[in-house]
Number of protein chains: 2
Amino acid sequence: MQTRRYHHGDLRAALLTRAEQTLREKGPGALSLRELARDLGVSHAAPSRHFKDKQALLDALALAGFERLDEVLAASRTEGETFADRLGGLVRAYVDFALANAELLDLMYTVKHDPAASEALITAAQRLGATAVELVAEGQRSGEVREGPVDDIAMPVFTTLHGFASFAVSGVLSAEQVGSGLEAVIAYMVRGCAPR
Amino acid sequence: MQTRRYHHGDLRAALLTRAEQTLREKGPGALSLRELARDLGVSHAAPSRHFKDKQALLDALALAGFERLDEVLAASRTEGETFADRLGGLVRAYVDFALANAELLDLMYTVKHDPAASEALITAAQRLGATAVELVAEGQRSGEVREGPVDDIAMPVFTTLHGFASFAVSGVLSAEQVGSGLEAVIAYMVRGCAPR
DNA sequence: ACCTGAACACCGTTCAAGT
DNA sequence: ACCTGAACACCGTTCAAGT
């Protein structure tokens, strides 16, 4: 039987999987290409065939994170309830993802310092906002949200969503505060969106 | 004249100053203790007398950032205007600081992965919230903000504040979007705080 | 096409020793 | 008290060479 050679067909995917695991378990500081390669049984130079840089691997990780979060948010759009309920679902989905993937979320929104390379990440983040836009537009159609340019409402909503998740992840809000504060945040968002 | 020896009296402060400069100019990835020591004309082992760790230096940098932001926010509390105006001043102050200190803000809110060491940073972040609490409480007294537990309103407000600044820093919102969106954010916050 | 092995220039951290 | 110099164990990246 072959023991190794092409690793097992997909070193690139294996690197990403393993990297995310290390990120979650030991933090971003402990993420080393050489250790990754060691763990996967390839030479330390092998990863460079798939990622030109350590940063390129981190960017790919962040991009995958955005894609997963996007799916999670889209899936949270349960129908047939009030605007407030649907908004609550969105907030809960975002916060749950954030808490379950704290280090990854950090990575996703970290300033890249290379403007060119971060372009794809920025558009991925902006795509997330589309879910908020749809939700708000729907609320406007049903009369549960005040009129006006949808972005003027959806952008601040998304901003609150992200700020809350960010505080949860960074520990500024404790787990208890996040749980008990969720209702207050939703109430605050609705008051800011309600026609009157 | 003495050329060096105790550097020039305060290596610790010099390290912090220089580190922040490097952070701003070349990003967090380019921050190396050895290079810092070289720049300051001391041996590479000298910094360890003042910071047990590279992380300890980063923590000190973040803590100083919180203190400066706290001053900036407190100073933004101009009096004699409407609640909306004072809130607008707070948002502008936070966003201005964020844009002028993007990498530092990132560092301030980055997950530390060492729960014990990040305690001081978390309380520093929470102290920032006090400014929002005072502003909201004041609004409640003047009747410009709805009644109820002040934290139920101040926490979401602070959350929006931070989320907006975070999007500005990470580039999710372009400079133009930040400028033009500021009014919308304030309007959204006020609607969420207004008695009706 | 994909990977190895050696090489290069850098790190952070520690610790005896100096002043 | 504060710093130096040497040492140790690690990095990321590159590049000829192998299969």
Original post:
Checking side-chain contact (heavy atoms from CB on, under 4.5 Å) against A/L90, which of A/V95, A/V72, A/L135 comes through?
Top reply: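 Result: among A/V95, A/V72, A/L135, A/L135 is the only option passing the side-chain contact (heavy atoms from CB on, under 4.5 Å) with A/L90.
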
**OP:** Apply side-chain contact (heavy atoms from CB on, under 4.5 Å) to B/D151 and list each qualifying residue two or more places apart in sequence or on a separate chain.
**Re:**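 Scan of B/D151 (side-chain contact (heavy atoms from CB on, under 4.5 Å), adjacent residues dropped) gives B/V133.
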
**OP:** Can you sort out the partners of B/A60 under side-chain contact (heavy atoms from CB on, under 4.5 Å), two or more places apart, ordered by chain and number?
**Re:**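 Residues passing side-chain contact (heavy atoms from CB on, under 4.5 Å) with B/A60: B/R12, B/L16, B/F51.
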
**OP:** Quick one: the dot-bracket string of DNA chain C, using Watson-Crick and G-U wobble pairs with both distances under 3.5 Å, [ ] for crossing pairs and | for bases paired to another strand.
**Re:** ||.|||||...|||||.||

**OP:** Apply ring pair (Phe, Tyr, Trp, His ring centres under 6.0 Å) to B/F97 and list each qualifying residue two or more places apart in sequence or on a separate chain.
**Re:**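 If we apply the ring pair (Phe, Tyr, Trp, His ring centres under 6.0 Å) test to B/F97, skipping adjacent residues, there are no hits.
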
Subject >> For DNA chain D, the residues among residues 19-28 of chain B that have a non-hydrogen atom under 4.0 Å from it >> reply: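 Those residues: none at all.
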
**OP:** Show the numbers, then the answer: is there a side chain to side chain contact (heavy atoms under 4.5 Å, CB included) between B/E35 and B/T22?
**Re:** CA-CA 10 Å; B/E35 187 176 1; B/T22 305; 5.5 Å; no

**OP:** Apply side chain to side chain contact (heavy atoms under 4.5 Å, CB included) to the pair B/L58 and B/T110, showing each step before the final yes or no.
**Re:** CA-CA 11 Å; B/L58 294 178; B/T110 276; over 6 Å; no

**OP:** Kindly indicate, with the supporting measurements, whether the criterion side chain to side chain contact (heavy atoms under 4.5 Å, CB included) is fulfilled by A/L69 and A/Y94.
**Re:** CA-CA 8 Å; A/L69 178 52; A/Y94 199 111; 4.0 Å; yes

Original post:
In terms of the angle between their ring planes, are A/H162 and A/Y109 parallel, tilted or perpendicular, with boundaries placed at 30° and 60°?
Top reply: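 Taking A/Y109 first and then A/H162, their aromatic rings sit tilted (interplane angle of 30° to 60°).
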
Subject >> Length of the line joining B/L40:CG and D/dC3:P, which is rounded to integer Å >> reply: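 Taking CG of B/L40 and P of D/dC3, I get 11 Å after rounding.
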
Original post:
Within the structure, does a side-chain N or O atom of B/H50 lie under 4.0 Å from either OP1 or OP2 of D/dA1?
Top reply: no

Original post:
What string of B, S and - do you get for nucleotides 9-18 of chain D, 5' to 3', if B is base contact, S is sugar-phosphate-only contact and - is no contact with any protein heavy atom under 4.0 Å?
Top reply: --SBBBB---

Subject >> Minimal non-hydrogen separation, A/V172 against A/Q177, with atom names >> reply: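 Closest approach of A/V172 to A/Q177: O-OE1, 3.8 Å.
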
**OP:** Answer with yes or no whether the side chains of B/Y188 and A/T159 bring together a donor and an acceptor at under 3.5 Å.
**Re:** no

